[in-house]
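Report on one structure; see the data block that follows.
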Amino acid sequence: MKFFVDTAEIDQIAELNDLGMVDGVTTNPSLILKSGRDILEVTREIAALVDGPVSAEVVALEAEAMIAEGRKLAAIANNIAVKVPLTWDGLRACKVLSGEGHMVNVTLCFSANQALLAAKAGATFISPFIGRLDDINLDGMELISDIRQIYDNYGFETQILAASIRTVNHACQSALVGADVMTAPPAVIKAMVAHPLTDKGLAAFMADWEKTGQKIL
Ligand code: E4P
């Protein structure tokens with residue numbers, strides 16, 4: 001499973017990238033706002049830092065304007081994936097931009113039918129939002145599972161990018177149901193290492209080691 005980091009904070013991306021935990025990055029207008037950075041500048045910096053796809057989102061609502069914005073974002077670097085919303089205008093932009101050879105991430109996906117349309121429009125990635133479905137008492141993971149089955153039924157190559165990941169359980173369950181990629185905030189990726197039995201076991205080993213009076217170095 002590929003790990004994308006869902007942030008526009010350069011320091012946090014760099015920290016996880018050094019650990020080999022970053023296969024790509026996703027941003028959106030809210031994350032750009034949070035970073036306080038200029039979208040073109042920060043996207044250029046992120047794209048230079050990581051080898052994998054860096055999603056940068058268009059903000060136009062009409063297809064021709066989305067296509068123009070997408071071309072400008074894609075020109076930043078070879079590893080930019082243009083992010084478009086799951087509307088008919090977004091799908092039209094997806095069709096045109098993917099036809100030009102650009103990676104396209106179709107975002108704000110909340111149904112299997114939407115994911116089917118995105119695949120037919122040539123999306124490189126489909127981003128189903130798990131957490132936002134869970135927020136309204138729907139099952140985000142069931143959506144990932146349904147999309148997996150539909151894409152496998154017909155051999156669609158669009159990669160399922162599990163998004164709106166809020167917990168370590170979302171991460172694990174996305175992997176179990178076969179998401180190709182997950183994008184998670186740095187804090188969730190960091191929390192994946194934690195287990196109380198690891199902490200307890202390490203403390204016991206350290207206590208016993210102390211008693212041996214030995215040193216390795
Ligand atoms: C990623 O592409 C999405 O923009 C992001 O995962 C949304 O997450 P949120 O629902 O926690 O804002």
Side-chain angles (χ1 to χ4, degrees), residues 1-10 12-13 16-17 21-37 39 42-43 46-47 50 52-61 66 69-70 73-74 76 79-87 90-91 93-94 97-98 102-111 114-115 117-119 121 123-144 147 158-175 177 179-192:
M1 182 190 227
K2 283 177 265 187
F3 281 13
F4 288 2
V5 190
D6 200 24
T7 185
E9 309 293 335
I10 292 281
Q12 297 186 34
I13 296 166
L16 286 167
N17 196 41
M21 298 295 164
V22 179
D23 300 304
V25 172
T26 51
T27 65
N28 62 38
S30 303
L31 293 171
I32 296 295
L33 173 68
K34 197 172 164 193
S35 75
R37 299 287 313 278
I39 184 173
V42 77
T43 302
I46 297 169
V50 307
V54 175
S55 289
E57 188 160 344
V58 301
V59 290
L61 297 177
M66 283 186 197
E69 288 181 355
L73 293 170
I76 291 172
N79 55 339
I80 297 297
V82 179
K83 209 171 175 189
V84 300
L86 218 158
T87 60
L91 292 173
C94 174
L97 291 167
S98 62
H102 301 303
M103 290 186 285
V104 180
N105 176 358
V106 180
T107 190
L108 290 168
C109 172
F110 295 96
S111 79
Q114 289 180 320
L117 293 175
T124 315
F125 302 103
I126 181 69
S127 289
F129 276 33
I130 298 169
R132 294 192 194 188
L133 282 169
D134 287 0
D135 286 345
I136 58 165
N137 287 326
L138 294 174
D139 189 345
M141 209 51 62
E142 189 180 329
L143 174 59
I144 302 289
I147 298 170
T158 299
Q159 296 178 53
I160 302 172
L161 198 176
S164 190
I165 295 238
R166 307 267 176 79
T167 68
V168 292
N169 284 342
H170 280 158
C172 180
Q173 288 162 6
S174 295
V177 300
D180 299 290
V181 192
M182 71 151 185
T183 188
V188 172
I189 295 175
K190 286 184 180 176
M192 289 170 71

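In listed order, ligands and their atoms are each counted from 1. FYI, the numbering just counts along the sequence from 1. Please read all numbers here as calculations on a predicted model, not as lab measurements.
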_Result of checking T43, N28, N105, T107 against S55 for side-chain hydrogen bond (donor to acceptor under 3.5 Å, both in side chains)_ = N105
*D23 and M1: which non-hydrogen atoms are nearest, and at how many Å?*
OD2-O, 4.2 Å
_Given 3.5 Å as the limit, does a donor-acceptor pair link the side chain of N79 with the main chain of A47, or not?_
yes
*asked:* Show me, by chain and number, every protein residue that has a heavy-atom distance under 4.0 Å to ligand 1.
replied: D6, T26, N28, K83, F129, R132, A163, S164, R166, T183
*Any chance you could lay out the side chain to side chain contact (heavy atoms under 4.5 Å, CB included) test for M66 and E57, step after step, and finish with the verdict?*
CA-CA 9 Å; M66 283 186 197; E57 188 160 344; over 6 Å; no
*Among T7, V22, V25, the one residue meeting side-chain contact (heavy atoms from CB on, under 4.5 Å) with L16*: V22
*side chain to side chain contact (heavy atoms under 4.5 Å, CB included) between D139 and L133, worked out*: CA-CA 6 Å; D139 189 345; L133 282 169; over 6 Å; no
